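Worksheet: the structure to be examined is printed underneath.
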Amino acid sequence: MARLSAEEMFKNMIGRKDEEPQPAQETAAAPTAEKKKASTVQVTVRLRPEQHKQLKAAAFHRDCDMSELVRQALDQFFA
C-alpha cells in the first residue's frame with residue numbers, strides 16, 4: 001500500500017467526520033503515570049502557506065490544536 005503524502009493526509013483530515021472523544025481511563029497507577037512522562041522530541045515542520053491554511057481549517061473544524069493534527073498524521077504515517 002502506497003503511503004500518502006503529508007498534504008494528502010491533511011486534505012483527508014479536513015473532510016473527516018469528528019471521532020467520538022475517548023474518555024480518559026482512570027486506573028490505580030495514575031499517580032505513578034504522572035511521575036513518568038512520555039519522552040518526546042520537539043521538531044519543526046515547515047509547511048507551504050496553503051498547507052498551513054488547510055491545517056488551521058482542519059484544527060478549527062475538529063476543535064483541536066494544529067499540533068495535535070500533526071501528531072496524528074505522523075502516528076498514522078509511521079503506524
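Residues take their numbers from the sequence shown, with the count starting at 1. Just so you know, these numbers come straight off a predicted model, no measurement behind them.
Going from atom NZ of Lys56 over to atom CG of Asp65 covers 12.5 Å, rounded to the nearest 0.5 Å.
Looking at Gln51, its side chain does come within 3.5 Å of a backbone N or O of Arg48 through a donor-acceptor pair.
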**OP:** Could you give me the CA-CA distance, side-chain angles and deciding distance for Gln76 and Gln72, then say whether side chain to side chain donor-acceptor pair (under 3.5 Å) is met?
**Re:** CA-CA 6 Å; Gln76 183 181 13; Gln72 288 175 4; over 6 Å; no

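Following chains of ILVMFWY side-chain contacts shorter than 4.5 Å, one cannot reach Phe60 starting from Leu47, and the two form parts of different hydrophobic clusters.
Of all heavy-atom pairs between Leu55 and Met66, the closest is CD2-CE, 3.8 Å.
In this structure, Lys53 does not pair ionically with Glu50, as no charged nitrogen and carboxylate oxygen lie closer than 4.0 Å.
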